[in-house]
Amino acid sequence: AHAEGNIRVEFEDGFLTCDTLTLFTDTKDIYAQGRVHLEQGEERYRAELIHYNTQTKKARVLEGTAYQEPWYEHGRVMEHIAEGVLRVRSGSVTSCEHDPPHFQLAGRQNLVFVGDRIVRGRNVTLVVDKLPLLYFPWLTLADRQSPFFIVPGKKKPWEQFALMGYRYDLPIGHKGA
């Protein structure tokens, strides 16, 4: 089936809107083009082209953005490779909600583990305000309280900067040095 116009498709745990849609009922594949918006559970996608299978609930997103709390992903190609795992190729990941983001982790490939709220990347560059700041051959970030932290920012006397530190919590009942 093929449709054009202001299209909305609703399914179990989400919906899809687009300008042009091709549906293959035998394979349950949807090819959506033009201002595509897909919401599936807690996940949200926007792109010009999305291939989505309603049976497997897997999507392949070209030149798009995605949001799975707390991560915002932007990439040339994003695809589900397993349940709860999203691969972002030639793109970036950030937890900054601004557009454009204040900072992002740009890389060739990032894996987002949605349920665990973890991001793993290879050949990653920390970009602060369009300035490449740090390179990491690999990097894993979790949405948890980490003892290490980086605070990127921009201030007149310093220009772009990254403050780094280590947090140590004293054990309960600690009685001094």
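Linking ILVMFWY side-chain heavy atoms closer than 4.5 Å, directly or via other members, places Tyr72 and Val93 in two distinct hydrophobic clusters. Cluster annotation: Leu62 is not connected to Ile50 through the hydrophobic network of ILVMFWY side chains, with a link wherever side-chain heavy atoms come within less than 4.5 Å. The hydrophobic clustering, which links ILVMFWY residues whose side-chain heavy atoms are closer than 4.5 Å, places Leu139 and Tyr135 apart.
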Full working for side chain to side chain contact (heavy atoms under 4.5 Å, CB included) between Glu79 and Lys58: CA-CA 7 Å; Glu79 58 191 335; Lys58 290 186 178 180; over 6 Å; no
Candidate pair Arg60 and Val77, rule side chain to side chain contact (heavy atoms under 4.5 Å, CB included), full reasoning: CA-CA 7 Å; Arg60 182 178 171 96; Val77 178; 3.9 Å; yes
Intermediate values then yes/no, side chain to side chain contact (heavy atoms under 4.5 Å, CB included), Tyr67 and Glu69: CA-CA 6 Å; Tyr67 175 72; Glu69 189 170 326; 3.5 Å; yes
CA sep, side-chain torsions, deciding dist, call: Val61, Val36, side chain to side chain contact (heavy atoms under 4.5 Å, CB included): CA-CA 10 Å; Val61 180; Val36 184; over 6 Å; no
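Panel note: side chain Asn53, backbone Gln55; a donor-acceptor pair is recorded below 3.5 Å. Side-chain atoms of Thr94 come within 3.5 Å of backbone N or O of Phe103 as a donor-acceptor pair.
The neighbour count for Arg46 CZ, taken as heavy atoms of other residues, nucleotides or ligands under 6.0 Å away, does not exceed 12.
Atom CZ of Arg89 sits about 13.0 Å away from atom CE of Met78, to the nearest 0.5 Å. Remark: Leu23 CG to Thr54 OG1 distance equals 7.5 Å, nearest 0.5 Å. With rounding to the nearest 0.5 Å, the separation of CD in Glu73 from CG in Leu105 is 11.5 Å. The line from CG of Leu126 to CG of Leu134 is 5.5 Å long, rounded to the nearest 0.5 Å. Taking CG of Leu141 as the reference point, atom CZ of Arg117 lies at 13.5 Å (rounded to 0.5 Å). Atom CZ in Arg87 sits 14.5 Å away from atom CZ in Arg120 (nearest 0.5 Å).
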Indicate every side-chain donor-acceptor pair of residues 10-22 with a distance under 3.5 Å to a residue at least two apart or in another chain.
from  : atom 1 : to    : atom 2 : distance (Å)
Glu10 : OE2    : Arg8  : NE     : 2.9
Glu12 : OE1    : Lys57 : NZ     : 3.3
Asp19 : OD1    : Arg35 : NE     : 3.4
Asp19 : OD1    : Arg35 : NH2    : 2.7
Asp19 : OD2    : Arg35 : NE     : 3.1
Thr22 : OG1    : His2  : ND1    : 3.1

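Under the 4.5 Å side-chain criterion, counting only non-hydrogen atoms from C-beta, Leu86 is in contact with Tyr45. Looking at Glu63 and Arg76, their side chains come closer than 4.5 Å, going by heavy atoms from C-beta outward.
The two residues Arg122 and Asn110 have their closest heavy-atom pair at N-OD1, 4.4 Å. Lys28 approaches Thr25 most closely through the heavy-atom pair NZ-O, 3.4 Å. Nearest heavy atoms, Ala59 versus Leu38: CB-CD2, 4.1 Å.
Every residue two or more places apart in sequence or in another chain was checked for a salt bridge (charged side-chain N to carboxylate O under 4.0 Å, His left out) with Asp29, and none qualifies. Applying the ring-ring contact (aromatic ring centres under 6.0 Å, His included) criterion to Tyr31, with sequence neighbours excluded, gives Phe24, His51.
For the residue pair His80/Gln40, the side-chain donor-acceptor check at 3.5 Å is not satisfied.
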